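If you're wondering where the values come from, they're calculated on a predicted model, not measured in any experiment. Per chain, numbering begins at 1; letters A, B, ... match sequence-line order.
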2 protein chains.
Amino acid sequence: MTETASRPTLEAVAARAGVSRATASRVVNGGDGVREPLVERVRRAVEELGYVPNQAARSLVTRRHDAVAVVIAEPETRVFADPFFALQLRGISKELTTHDSQLVLLLTEGRDDHVRVGRYLAGGHVDGALVFSLHLDDPLPGLIHGAGVPTVFGGRPGWGDGARNSVPTVYVDCDNRGGAREAVRHLVGLGRTCIAHITGALDQTSAVDRLDGFRDVMVDGDPALVAEGDFTPAGGERAMRELLERRPDVDAVFAANDLSASGALRVLRERGRRVPDDVAVIGFDDMLPIAEQTDPPLTSVRQDIEEMGRLMARLLLRRLDRRSGDASLGGDPSSVVLPTTLVRRVSA
Amino acid sequence: MTETASRPTLEAVAARAGVSRATASRVVNGGDGVREPLVERVRRAVEELGYVPNQAARSLVTRRHDAVAVVIAEPETRVFADPFFALQLRGISKELTTHDSQLVLLLTEGRDDHVRVGRYLAGGHVDGALVFSLHLDDPLPGLIHGAGVPTVFGGRPGWGDGARNSVPTVYVDCDNRGGAREAVRHLVGLGRTCIAHITGALDQTSAVDRLDGFRDVMVDGDPALVAEGDFTPAGGERAMRELLERRPDVDAVFAANDLSASGALRVLRERGRRVPDDVAVIGFDDMLPIAEQTDPPLTSVRQDIEEMGRLMARLLLRRLDRRSGDASLGGDPSSVVLPTTLVRRVSA
DNA sequence: CTGAAAGCGCTAACAA
DNA sequence: TTGTTAGCGCTTTCAG
């Protein structure tokens, strides 16, 4: 035990099994085309020696890394108020795990970080990237494209559905616009006549899409009934105050997410408006720890966030497989938009 | 542009700069002992070619990976209600970034995952590990120790401060016990006489330590004034109800974290008890998005979570540096316990 | 079906 | 100070 504790190599496994390194390698990588008895012997040797392949050596020759970068570009602290990313990560992690791929997390906070991330991706350390939280003016997509790494985006990027330099953009998103429409229609169905919207941060497509959904239903709505928020509770409060000032007769609010809805709720309570009697409120995301804990519990548009994460990973992995020969899987995967559902609670 | 897009190698850089591969390597790795003009030439070549070192090749010979695993072992969904992990991750990420180290995220959900993580760590893919959220019966520490990877734990592990097989356990935690004492003393100072405690999940040391702190102050307290929670709002509600039933005269509550405090607050409101007039409430963590959003805003024991993450990473990196020669840095780093501060808001 | 041998791109002795 | 050279551990033709 006082020997050098260096881990056993394939060489050692081969020696112990009485085969060549090549055969040992074949067995370790699936064992196709090796006769059963040998397979068995190698397996045993692996077991006994506690052999684990050296990923570095393997990558050096295969040029695969079995690792995927997850880039979260959120300069604001929003990330932390919102369980959103944790859920996505969980979904991604689950999917990657089943494919024996590792998750390399890249958090960025400012301009410098972008450069760093770009370099890292260009460095060929990972097989692909999953990228979140793009803002409209984000330099990241450019850097990523330059790096030439297969990428799937979380949320529709701001540059439109089209191809970008002949590489089609693949993303996973929920039906923000449709979900918003459903929420507003529900308010209409409740008999509300003065329906307002608190937007999200309008440099993100999710906020824009939800606003569009609102307008789809409220054609000819009073522009004063739209107040700009930023997805935070504080933003929701501010917007709600504005709204109350501009249109005291407001009887319903659709907020761009649960967090801003919770802010709105607080202002309404403070002003003595009863929810939902005086003002009905609907959020978006159906983030359980928020929606269920507000007073009153929040009606919200649900999106399956963990599933979105899982799907992103799956699309990326499929694309990677396709690349490395497995031509079977049909064409290049394309973007996916997941449906939403309205979850009714007390607030509307 | 239609050429093979394979990235340039050191060889190419050397050729372009008119030096040997060794010299090019030296420059890329800091350039010590290379004469200025050559350094300059190599730098330029790197620039022009857009050279990025192949990490796999480098690891193969150096046996360093410039990567650290972060293991979050939280089978419950608590992770997502709580911005806790996101904050720690941010701290860790910042620190790792300044050391050019990568963050490999390992999320585990069940027994199988533990095995997988153990194998991964044993596989020598990373230089070290940062491990969170241990529960008392967790098999992970054993696996990790077996893997022989330098590790720093987040939160005091359950097996005591001592060494484990001659390797001292290093962890970073906040002063849970002291913070709890301060909170309870504050309640006493407020003139409260019937002070209750809602515990966290008692299979975690943080919950046990906070309970101990409570008892430090409330020696001879009525055992009926301690109700078991689990760090969730639902657990907090349940515990609060019990408490109200067992001791209707309760006039103060110290909850093991903000989430359970928020649950308690809800029950108190529902029962018509005014906070803080009838019952004073204190939480723990001072998680802003929670503590500031409750009604009324929550007095809480603050711990600097991001700093804890940063510190964990720093300790680990120092240990790694020490290992690889840099003997300068003094002895092996030991555990750190960070102080807490009581943040007064309205609830107490 | 199996083995021998040639590298993948890089660092680190060792020579010059 | 710089260059030469020998691998790091693995996969993958190519013979046998």
Novice: Tell me, please, which residues at least two apart from Arg21(A) pass side-chain contact (heavy atoms from CB on, under 4.5 Å).
Specialist: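 By the side-chain contact (heavy atoms from CB on, under 4.5 Å) rule, Arg21(A) matches Leu10(A), Glu11(A).
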Novice: So, using salt bridge (Lys or Arg N to Asp or Glu O under 4.0 Å) as the criterion, who are the partners of Arg16(B) when residues are at least two apart?
Specialist: Glu48(B)
Novice: For a quick test of your reading: what N or O donor-acceptor pairs under 3.5 Å do the side chains of residues 33-43 of chain A make, sequence neighbours left out?
Specialist:
from     : atom 1 : to       : atom 2 : distance (Å)
Arg41(A) : NE     : Ala17(A) : O      : 3.1
Arg41(A) : NH2    : Ala17(A) : O      : 2.9

Novice: Could you give all pairs that pass the salt bridge (Lys or Arg N to Asp or Glu O under 4.0 Å) test and reach residues 95-104 of chain B, with sequence neighbours left out?
Specialist: Glu95(B)-Arg314(B)
Novice: Going by atom types only, do Arg58(B) and Asn29(B) share a side-chain donor-acceptor pair under 3.5 Å?
Specialist: yes
Novice: What's the angle between the local helix axes at either end of the helix from dC1(C)-dG16(D) to dA16(C)-dT1(D), using five pairs per end and rounding to 10 degrees?
Specialist: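 Answer rounded to 10°: the end axes differ by 30°.
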Novice: Restricting to salt bridge (Lys or Arg N to Asp or Glu O under 4.0 Å), what partner residues turn up for Asp113(B), sequence neighbours left out?
Specialist: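 Here the qualifying residues are Arg116(B).
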Novice: Under the side-chain contact (heavy atoms from CB on, under 4.5 Å) test, which residues partner His65(B), sequence neighbours left out?
Specialist: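 Counting only residues at least two positions away or on another chain, His65(B) forms a side-chain contact (heavy atoms from CB on, under 4.5 Å) with Ser59(B), Ala67(B), Asp127(B).
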Novice: Taking side-chain contact (heavy atoms from CB on, under 4.5 Å) as the definition, give me every residue that meets it alongside Ala12(B), ordered by chain and number, with sequence neighbours left out.
Specialist: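 side-chain contact (heavy atoms from CB on, under 4.5 Å) check on Ala12(B) returns Pro8(B), Thr9(B), Leu49(B).
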Novice: Which residues pass the ring pair (Phe, Tyr, Trp, His ring centres under 6.0 Å) test with His114(B), not counting sequence neighbours?
Specialist: none
Novice: Output all residues satisfying ring pair (Phe, Tyr, Trp, His ring centres under 6.0 Å) with Tyr120(A), sequence neighbours left out; order by chain, then residue number.
Specialist: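 Scan of Tyr120(A) (ring pair (Phe, Tyr, Trp, His ring centres under 6.0 Å), adjacent residues dropped) gives His125(A).
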Novice: Going 5' to 3' along DNA chain C, which are the first and last nucleotides with any atom under 4.0 Å from a heavy atom of chain B?
Specialist: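 Contact span on the strand: dG9(C) to dA13(C).
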Novice: So if I define the base as every atom that isn't primed, P, OP1 or OP2, how would nucleotides 11-16 of chain D read as a B/S/- string at a heavy-atom cutoff under 4.0 Å?
Specialist: BBB---
Novice: If each of Arg35(B) and Arg63(B) is mapped to the nucleotide of DNA chain D with the nearest heavy atom, which maps nearer the 5' terminus, i.e. the 5' end?
Specialist: Arg35(B)
Novice: Output the rounded distance in Å from CG (Asn54(A)) to P (dG7(D)).
Specialist: 18 Å
